[in-house]
Protein chains: 2
Amino acid sequence: MKNIEHIRHSLAHLLAVAALEYDPKIKLAIGPVIDNGFYYDIQFSAPFSNEILPTLQKRMTELTRENLSFERVEVSTDQARVEFKNQPFKLELIDELEKTGKRITLYKTGDFVDLCRGGHVENTQEIPADTFELTHIAGAYWRGSEKNAMLTRIYGIAFDTKEALGAYKAQQEEAKKRDHRVLAEKLDLFMVSDVVGKGLPFWLPNGAFIRRKLEDFMFEKELKSGYKYVNTPILTHKRLYEQSGHLAHYRDDMYSPIEIEGEEYYLRPMNCPHHHQIFLYRPLSYRDLPLRLAEFGLVHRFERSGVLTGLIRARCFTQNDAHIYCEKGDLKAEMIGVLKLFKEVFDGVFDIKDYWFRLSLPDFSNEEKFGDIEDKTMWDEASAIARNALEEFGVTYMEGGGEASFYGPKIDVQIVNAAGKEDTIATIQIDFYSPKRFNLDFTNTKGEKEQPVIIHRAIMGSFDRFFAFLTEHYAGAFPVWLTRVQVQVIPITEKQNGYARKVEESLREAGIRLEVDDSSEMLGKKVRRAKDTKVPYFLIIGEQEMVSQTVTVESRIFLLVLKMRLEYERIKWVKKLKICLMTNACTIK
Amino acid sequence: MKNIEHIRHSLAHLLAVAALEYDPKIKLAIGPVIDNGFYYDIQFSAPFSNEILPTLQKRMTELTRENLSFERVEVSTDQARVEFKNQPFKLELIDELEKTGKRITLYKTGDFVDLCRGGHVENTQEIPADTFELTHIAGAYWRGSEKNAMLTRIYGIAFDTKEALGAYKAQQEEAKKRDHRVLAEKLDLFMVSDVVGKGLPFWLPNGAFIRRKLEDFMFEKELKSGYKYVNTPILTHKRLYEQSGHLAHYRDDMYSPIEIEGEEYYLRPMNCPHHHQIFLYRPLSYRDLPLRLAEFGLVHRFERSGVLTGLIRARCFTQNDAHIYCEKGDLKAEMIGVLKLFKEVFDGVFDIKDYWFRLSLPDFSNEEKFGDIEDKTMWDEASAIARNALEEFGVTYMEGGGEASFYGPKIDVQIVNAAGKEDTIATIQIDFYSPKRFNLDFTNTKGEKEQPVIIHRAIMGSFDRFFAFLTEHYAGAFPVWLTRVQVQVIPITEKQNGYARKVEESLREAGIRLEVDDSSEMLGKKVRRAKDTKVPYFLIIGEQEMVSQTVTVESRIFLLVLKMRLEYERIKWVKKLKICLMTNACTIK
């Protein structure tokens, strides 16, 4: 354990001390170290609010100066039970420790004693007083189960230096501004309805438009890359998941069945078994391969309401999905094709470059996940092909042992999101299993039946998560080709409304998407509103413009606009706007 | 009853006679008149096949010549029970007739007696011998319930004259060829999976591509018409349908609920209540209206497996849906806007002109459907607005009393489908109810809260049904802008494969969608295959073309191609093809 973790862990104890002083009747649960800090789960005897945090923090700061040592004591379970006789959660933990036969250790700090495996500073003086902060509280069930008591979780952050703390807080502040849920609320991108239910997002016009444009873009791109689009039902008879093994292994992530004429049907959690049905529809030969079936596939997966997070974690989402059925000999080439497509989309179009590749391999010592694997040679072969593909494609990558999916090794594309956390944004998976399970075959050049290999891949992952990522990436200032409204027309007073409508008509004719703000408000307010909506361009129309039959073009002040100037489709319409302005198409006579 | 219906009904009896002679142990159920003919439901004592039909028909023809009279006899229920002591289905019918108190009548024809309300010829000689035909058999449950015995239904057709029979058979033959399910099988448009289940269609690449193009087309068209697209979840907590009234009135058409964390959720059968949630998201004023929310909305509705018919009647489909929320004063103008959009799409783009408008009004004497209506004045007002819209739009229409939906009058667009049946292909409905039910309101110019009116409309109805209709309309020869493969490149021998690939690359670059048939088969077979797939154009490439660096363009021989020459998008690509050919872009050096 690094020193900073000792500090964080020790701070959790000091938090408990401060809380006990504030309310001696509290019941303590657990207080572990987490990323960037620590927390403590506490049951208070009276309602507890955020406002108490500064008091606790002040007391913790004092405690760091009190020169208290952290003293380790080993005790018997009976001694421990006496020590914690008024702490029911601790007693429950002691019972469990007793069952496992593990030794029980306590840590003493001043008068305070905690049940703890340790990892502490020796003395509170080692904790710098101004490098930590209590940040917020949240509700948390004891042991994570809604059947248990609801506790108050107090979160804190802690760093080595004051500067590191400041940098982290600044980054969090920025991340908060970029949080796709915050921006969605501000820019009307999506909403959730209390009536319809949690985790079921509604894409509002501004968001739905961008989603359609993203789909259109991938549709064209993938067609050119030889994919064939299909559209398959989101329900299936349970037979399909008995065959695929989902009912046996994936049931917890699925919703309860629907009954139709006495038979059970499921909402699909993934598209692959449906695509396999298409593979099976006609006898295929080597001439039909590689068969690349693509779908914007709507799937539903169970998520507890507690973990739902905007579009990042919802109960339904639409994948930019595809399955490539190919001969084993073509596997490497197909994987390189996918990598190429990925790079064209991410680097070339969205200017997302700070990702890295992770080759996720099996860890045969992990019995639970990979214990069923019989044909290790096949896995090694697949791993080698994936490695060769990455190398031939010419990118660096890291290897992640044990991160493979249950049906084969995969290449994940990793990224750090706005909140500073690592996330998988795209994935390319090799699958030798499903062809066996579904009896997929084709006639090879020798006229024999042969099983294909399948690549599961999603370039944009799901449109939902990719859109959330893009929202944060662009801080809501989407490139011109994606926005529903590219130009806001702002007449300075109502006298120019008529001319503004003519300008609108003329530009709409030229293929530009625009809206006129003909409200009776003052110019300043209209401009502020236009800027708030992050519309890329706005045209100001006053008396002067009306007389000279022109418009004044302004652009949102945001660095990303400039970065986006050469993006896909944008040139086309700006050219149009320019031509339109230059050829006096806006000069209405 | 017209004479032809007497003939059809009498033929049903003769069919029963012939069947009894063929198998004296049969149990007779019912034998009514239907469109164009008749049927009889019979329980045979041994398996019965289509092959027996000519034998029965021959016997029926003989019977028509036997100068048999149809004699009506009125009897008591007890007498009837004696007469039908060996006919359990008839006995069941007698029990029911007894309960209703209706009189029991029998019809005697020679030795045969049937329980029958009548409507017959006087003598079999009135039936022309060569104007009827037994067509096919099908399974049918007694009384339509799967809980009862499965019977054999023998279908027959009958007309006044031999010519009418011939014309009908020719039309059916053509309809069969155009049946979207037959064409779908031939052209790989969609499939149904036995594993996934009935009524859940899979759109194959050729079909899914056309669907996407139809969506794209409507997306652009509707955006230009001021619609805003949204994307809403297909599930909802049951609360929504308690509020909308669906759970009370529409439950039979919905699927059983899914349980999530102890609460019930439903697959939506329609999109409107979801759109109302968006209306409610922000306070709106008169400036925000008309608000036109559009969605390609996936819905699921319960259909018995017995009535499922390809894409025409499936368990899920995607509507070209929109809801217009407007002030009452704008209602007429908005309806005319929808009519205009409809006409532009149907007449202008798809060359569908043989439709007619039906103004569907309430029938207040129909207590069951319209008995709940309190505000008849409001209905009259809405009906008048719909009528005015049609008149101002300048089209003729018929009025359909009692055809209104339960929430208001509507305009239906009616059409005759390939099978010769009337069908609704688009609908525009006025709704005064939902705004009350969902407390929808906006701030009017006076600063007061006011309820909007809603128009529910679907131009293409559902994409599924519209696509099925288009498939039959074009007999599978879709216009060039819709087809996934616009051009098939056919090298005459394998020697030209290389050049063919170059041509492919060059045309793909020019935005043309094409495929190369580089199989080793003979030219004749390749051309036949290209024609079978109804690809609009094919390029033949032989030695001569390779030497001169050209291609020979041929087109599918089908009148509709020519009709489609000036359609949407087509010009663009044919121009490209022409430019490409003229400027020697295909002349690869």
Side-chain angles (χ1 to χ4, degrees), chain A residues 188 190-191 193 195-197 199-205 207-209 211-212 216 219 223-224 228-237 239-240 243 255-261 263 265 267 273-274 277-278 280-282 287 293 295 298 300 302 304-305 314-316 318 484 508 513 518-519, chain B residues 146 188 190-191 193 195-197 200-205 207-209 211-212 216 219 223-224 228-237 239-240 243 255-261 263 265 267 273-274 277-278 280-282 287 293 295 298 300 302 304-305 314-316 318 484 508 513 518-519:
Chain A
D188 279 348
F190 72 89
M191 59 167 262
S193 152
V195 181
V196 169
L200 300 170
F202 285 61
W203 296 64
L204 297 170
F209 186 90
R211 156 134 170 216
R212 184 83 191 171
D216 283 349
F219 186 78
L223 278 188
K224 274 193 190 138
K228 289 176 177 172
Y229 272 84
V230 296
N231 210 305
T232 64
I234 61 153
L235 279 182
T236 175
H237 191 283
R239 281 185 291 261
L240 187 71
Q243 195 183 356
Y255 290 103
S256 67
I258 287 167
E259 200 207 283
I260 308 179
E261 293 181 345
E263 311 266 308
Y265 287 74
L267 276 173
H274 279 77
Q277 299 307 305
I278 293 180
L280 288 165
Y281 181 55
R282 303 272 191 213
R287 286 190 184 276
L293 294 182
E295 180 169 13
L298 174 63
H300 288 77
F302 176 68
R304 285 174 190 282
S305 49
R315 286 175 166 162
C316 59
T318 302
R484 187 177 71 83
R508 179 155 293 148
R513 303 187 292 268
D518 59 2
S519 66
Chain B
E146 55 262 56
D188 278 350
F190 72 90
M191 60 168 261
S193 153
V195 181
V196 168
L200 299 170
F202 285 63
W203 295 65
L204 297 169
F209 186 90
R211 158 136 168 214
R212 185 83 192 173
D216 284 349
F219 186 78
L223 278 187
K224 274 193 190 137
K228 290 177 177 172
Y229 272 83
V230 296
N231 210 306
T232 63
I234 61 151
L235 278 182
T236 176
H237 191 285
R239 280 185 291 261
L240 187 70
Q243 195 183 357
Y255 290 103
S256 67
I258 287 167
E259 200 208 281
I260 308 178
E261 293 181 346
E263 311 265 310
Y265 287 73
L267 276 174
H274 279 77
Q277 299 307 305
I278 294 180
L280 289 165
Y281 181 54
R282 302 274 191 212
R287 286 189 185 278
L293 294 181
E295 181 169 16
L298 173 63
H300 288 77
F302 175 67
R304 284 173 192 283
S305 51
R315 285 174 166 163
C316 58
T318 302
R484 186 176 72 82
R508 179 156 293 149
R513 304 188 291 267
D518 59 2
S519 67

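Every heavy atom of this structure was used, including side-chain atoms; hydrogens, water molecules and symmetry mates were not. Below, chain A is the first sequence line, B the second, and so on; all start at residue 1.
- For the options B:Ser256, B:Gly197, B:Ala314, B:Ala208, heavy-atom pairs under 4.5 Å to chain A are most numerous at B:Ser256.
- For chain A, the option among B:Glu263, B:Gln243, B:Glu295, B:Arg211 with the highest count of heavy-atom pairs below 4.5 Å is B:Arg211.
- Proximity to chain A (any heavy atom under 4.5 Å) is restricted, for B:Arg282, to the side chain, taken from C-beta onward.
- If you measure heavy-atom distances from B:Ile260 to chain A, the contacts under 4.5 Å come from the side chain alone.
- The two residues B:Val230 and A:Pro205 have their closest heavy-atom pair at CG1-CD, 3.6 Å.
- The shortest non-hydrogen separation linking B:Thr236 to A:Val196 is OG1-CA, 3.5 Å.
- The candidate from A:Leu293, A:Ile258, A:Thr232 with the greatest count of non-hydrogen atom pairs under 4.5 Å with chain B is A:Ile258.
- In terms of heavy atoms, A:Leu298 sits closest to B:Leu298 at CD2-CD2, 4.4 Å.
- Options A:Ile234, A:Asp518, A:Leu280 differ in how many heavy-atom pairs under 4.5 Å they form with chain B, and the most are formed by A:Ile234.
- In this structure, the portion of A:His300 lying under 4.5 Å from any heavy atom of chain B is its side chain and not its backbone.
- Of the listed residues B:Glu259, B:Arg508, B:Arg287, B:Arg315, the one with more heavy-atom pairs under 4.5 angstrom with chain A than any other is B:Arg287.
- Interatomic distance, B:His237 NE2 to A:Ser193 OG, rounded to the nearest 0.5 Å: 10.5 Å.
- Most heavy-atom pairs under 4.5 Å with chain A, from the set B:Ile278, B:Leu240, B:Leu200: that is B:Leu200.
- Of the atoms belonging to A:Arg484, it is side-chain heavy atoms, and not backbone ones, that fall under 4.5 Å from chain B.
- One finds the CE atom of A:Met191 at 6.0 Å from the CD atom of B:Gln277 (value rounded to the nearest 0.5 Å).
- At a 4.5 Å heavy-atom cutoff, the contact between A:Phe302 and chain B is made by side-chain atoms alone.
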(request) Would you check, one step at a time, whether the test side-chain contact (heavy atoms from CB on, under 4.5 Å) holds for A:Thr318 with B:Asn231? (result) CA-CA 11 Å; A:Thr318 302; B:Asn231 210 306; over 6 Å; no
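- Looking at every heavy atom in both residues, B:Pro233 comes nearest to A:Cys316 through CB-SG, 4.5 Å.
- A cation-pi arrangement, defined by a distance under 6.0 Å to the six-membered ring centre and an angle within 45 degrees of its axis, is present between A:Arg212 and B:Phe219.
- Judged by distance alone, the side chain of B:Glu261 and the main-chain N or O of A:Ser305 form a donor-acceptor pair under 3.5 Å.
- Within the model, atoms CZ of B:Phe202 and OH of A:Tyr281 stand 11.5 Å from one another, a figure rounded to the nearest 0.5 Å.
- The contact between A:Leu235 and chain B is made by backbone and side chain atoms together, counting heavy-atom distances below 4.5 Å.
- When heavy atoms are compared at a cutoff of 4.5 Å, B:Pro273 does not approach chain A at all.
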